[in-house]
Amino acid sequence: MVGIKTADELNKKFLREGMWPTIFCNGCGHGVVLEYTFWALEELGLDMDKVIFSSGIGCSSRLPGYINADGLHTTHGRAIAFATGIKAADPDFHVIVFTGDGDCAGIGGNHFIHAARRNIDMTVIMINNFIYGMTGGQLAPTAPLGSIATTAPYGNIEHPFDICNLACALGANYVARWGVSHPYQPIKSIKEGIQKKGFSLLEFLAPCPTAYGRRNKLGDIKKHWAWYDNNTILKEDLEKIMKYGTEQEKEQVKEKIPLGVFQDIQKPGFFEAYEKLVDRLKEKESKPKGAKK
Amino acid sequence: MIEVREDWCKGCNICIDRCPVDALEESDILNRRGIRPPKLKEKNDCNFCRLCELICPDLAITVFPDEKEKKPVKKTLLTPVGGKTK
Ligand SMILES: Cc1ncc(C[n+]2csc(CCOP(=O)(O)OP(=O)(O)O)c2C)c(N)n1
Ligand code: SF4
Ligand code: SF4
Ligand code: SF4
Ligand SMILES: [Mg+2]
């Protein structure tokens with residue numbers, strides 16, 4: 001770790017203190033993701049003048065407003081499109097997108113798909129709370145079957161989006177999913193995601209006690225947070241149990257949400273490929289016309 | 001030592017619930033939201049693992065490791081990701 005050792009020093013460096021405390025409800029998981037991102041940035045020792053944030057609309061999309069760095073708070077679902085623009089204007093920037101499940105997988109779904117497919121160099125931190133939190137709890141495309149929402153009062157009958165699976169299929173360079181209650185793996189993973197050239201997706205499963213937990217009778221904040229521990233499993237453990245476990249063990253873990261790093265590859269990112277293209281054309285241009293190779 | 005920014009705490013009590021050695025409790029102070037921020041218990045086994053600091057959603061806690069007082073590091077109840085909690 002570099003200079004900073006305590007949370008107090010960390011806050012002084014990264015937090016726009018005038019904006020604190022957050023607008024988030026008591027027990028909301030969004031603040032934790034922000035803190036993990038701070039630690040990751042600190043451990044990487046990046047120049048914060050070279051890091052820029054982008055977000056759409058939603059509770060999760062408020063996060064850049066709390067960071068002592070440049071950021072764009074854009075329109076609903078368009079954070080990734082704006083981030084692409086930043087990167088195109090100056091590829092030296094590290095672009096980090098904070099987005100929600102509604103923002104990224106719902107209204108912004110197509111931006112997400114194409115940014116991942118084009119492998120555009122950015123780090124997307126999608127906070128999945130299974131719901132449209134800010135607008136009072138409409139059904140999100142990530143909500144598990146049976147979830148209760150204002151627009152699904154009798155339970156969700158739509159199959160949820162597995163956004164990590166989608167990103168893997170699109171060939172994103174780095175794809176991981178984590179919860180908020182265990183700090184170390186996510187911090188390391190955010191670091192890896194930011195360092196990675198090309199598209200990285202980090203999905204965080206975060207509790208939303210107000211719009212999701214309450215409506216789905218997940219209990220008080222403590223019980224709601226525990227739901228995430230009891231309903232997730234490390235990807236490696238899941239694979240082992242599915243291979244060597246007894247039928248009963250398999251039955252127990254079948255419905256759990258896997259956590260971990262799902263993809264970590266090194267395809268050239270869009271801007272690397274673009275740079276090469278420009279170089280190739282320049283070289284061609286500089287050769288006298290009609291000259292033989 | 002543990003420092004709590006009292007006016008930042010929203011009282012979710014996640015820190016108290018998740019402390020691996022059950023070292024925290026609600027204090028007697030009421031902050032301006034009318035909630036009681038956490039404090040270390042009179043007698044506690046805090047080993048400065050910093051979990052409470054890292055998972056506080058409102059960044060209200062700072063843990064300062066006590067250099068002088070070397071406590072034996074107890075086996076913590078930290079569960080790996082996906083482990084069962086109560
Ligand atoms: C074009 C447009 N449509 C709808 C809205 C209303 N709206 C604001 S936030 C939001 C949902 C946000 O959900 P999510 O991204 O999951 O964020 P959360 O609040 O759950 O963190 C919606 C539908 C809007 N602001 N703009
Ligand atoms: S509505 Fe949900 S997501 Fe929004 S701040 Fe409250 S708990 Fe967090
Ligand atoms: S985790 Fe933070 S906000 Fe929650 S009770 Fe503890 S100090 Fe307060
Ligand atoms: S530092 Fe660790 S042991 Fe000490 S109060 Fe916080 S969570 Fe408990
Ligand atoms: Mg949401």
Side-chain angles (χ1 to χ4, degrees), chain A residues 5-12 14-15 17 20-22 24-36 38-39 66 177-187 206-207 209 220-238 252-253 256-260, chain B residues 1-20 22 24-26 29-40 46-67 73 76-86:
Chain A
K5 290 233 165 54
T6 65
D8 204 38
E9 292 167 337
L10 187 82
N11 295 347
K12 284 207 177 81
F14 289 100
L15 210 61
E17 284 210 18
W20 212 256
T22 57
F24 303 142
C25 312
N26 187 16
C28 174
H30 290 349
V32 188
V33 180
L34 184 68
E35 189 168 9
Y36 292 171
F38 286 169
W39 279 117
Y66 300 115
R177 180 191 291 127
W178 301 105
V180 295
S181 52
H182 300 274
Y184 295 106
Q185 301 99 323
I187 293 176
D220 57 7
I221 293 172
K222 201 160 113 179
K223 289 210 190 93
H224 186 24
W225 278 57
W227 184 92
Y228 286 86
D229 293 326
N230 298 335
N231 288 282
T232 55
I233 183 166
L234 270 185
K235 160 182 164 266
E236 287 78 11
D237 291 350
L238 181 69
Q252 276 169 2
V253 298
K256 293 194 179 189
I257 308 172
L259 302 180
Chain B
M1 192 187 59
I2 280 175
E3 221 175 69
V4 182
R5 297 275 301 242
E6 275 148 23
D7 49 336
W8 285 9
C9 170
K10 291 182 185 148
C12 64
N13 285 1
I14 284 295
C15 51
I16 298 176
D17 178 43
R18 294 295 173 118
C19 171
D22 201 15
L24 295 166
E25 63 182 1
E26 281 187 15
I29 311 157
L30 274 181
N31 75 3
R32 67 191 160 111
R33 288 171 202 274
I35 61 108
R36 301 181 190 283
K39 71 166 187 12
L40 275 177
C46 171
N47 52 29
F48 315 113
C49 72
R50 296 181 50 232
L51 183 71
C52 55
E53 173 186 289
L54 286 162
I55 67 169
C56 170
D58 287 282
L59 281 66
I61 303 184
T62 301
V63 178
F64 295 101
D66 239 326
E67 305 274 309
V73 178
T76 67
L77 306 170
L78 277 179
T79 43
V81 177
K84 272 266 184 213
T85 39
K86 53 227 141 143

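Letters go in sequence order (proteins before strands), and every chain restarts at 1. For clarity, every value in this text was computed on a predicted model and none was experimentally measured. The basis for the numbers below is simple: all heavy atoms, side chains too, and nothing from hydrogens, waters or symmetry mates.
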(request) Please round to the nearest 0.5 Å and tell me the distance separating atom OG1 of A:Thr232 and atom NE2 of A:His182. (result) 7.0 Å
(message) Once rounded to the nearest 0.5 Å, what's the spacing between atom SG of B:Cys56 and atom CZ of B:Arg50?
(response) 13.5 Å
(request) Sort B:Asp58 into side chain, backbone, both or neither according to what part of it lies under 4.5 angstrom from a heavy atom of chain A. (result) both
(message) Nearest 0.5 Å, please: how far is NZ in B:Lys39 from SG in B:Cys15?
(response) 12.5 Å
(request) Look up atom CG in A:Leu238 and atom NZ in A:Lys256, then write down how far apart they are to the nearest 0.5 Å. (result) 9.5 Å
(message) Does any backbone or side-chain atom of B:Ile14 lie under 4.5 Å from a heavy atom of chain A? Answer side chain, backbone, both or neither.
(response) side chain
(request) Using a cut-off of under 4.5 Å on heavy-atom pairs, state which of A:Glu9, A:His30, A:Glu17 scores highest against chain B. (result) A:Glu17
(request) Among the options A:Leu10, A:Asn11, A:Val253, A:Leu34, pick out the one with the most heavy-atom pairs lying under 4.5 Å from chain B. (result) A:Asn11
(message) Can you tell me which portion of B:Ile61 sits under 4.5 Å from chain A's heavy atoms? Options are side chain, backbone, both or neither.
(response) backbone
(message) Check this for me: does any side-chain nitrogen of one of B:Arg18 and A:Asp229 sit under 4.0 Å from a carboxylate oxygen of the other?
(response) yes
(request) Answer with side chain, backbone, both or neither: which region of A:Phe38 has an atom nearer than 4.5 Å to a non-hydrogen atom of chain B? (result) side chain
(message) Determine whether a donor-acceptor pair (N or O, by modelled atom type, separation under 3.5 Å) exists between the side chain of A:Tyr66 and the backbone of A:Trp20.
(response) no
(message) If we define contacts as heavy-atom pairs under 4.5 Å, which of A:Pro183, A:Gly260, A:Ala206, A:Cys28 has the most with chain B?
(response) A:Pro183
(message) I need the residue from B:Arg5, B:Arg33, B:Glu53 with the largest number of non-hydrogen atom pairs under 4.5 Å to chain A.
(response) B:Glu53
(request) Just give me the residue among A:Thr22, A:Val33, A:Val180 that pairs up with chain B most often, heavy atom to heavy atom, under 4.5 Å. (result) A:Thr22
(message) Quick one: does any side-chain atom of B:Asp17 pair with a main-chain N or O of B:Asn13 as donor and acceptor, under 3.5 Å?
(response) no
(request) Counting only heavy atoms closer than 4.5 Å, note whether A:Ile257 contacts chain B via side chain, backbone, both or neither. (result) neither
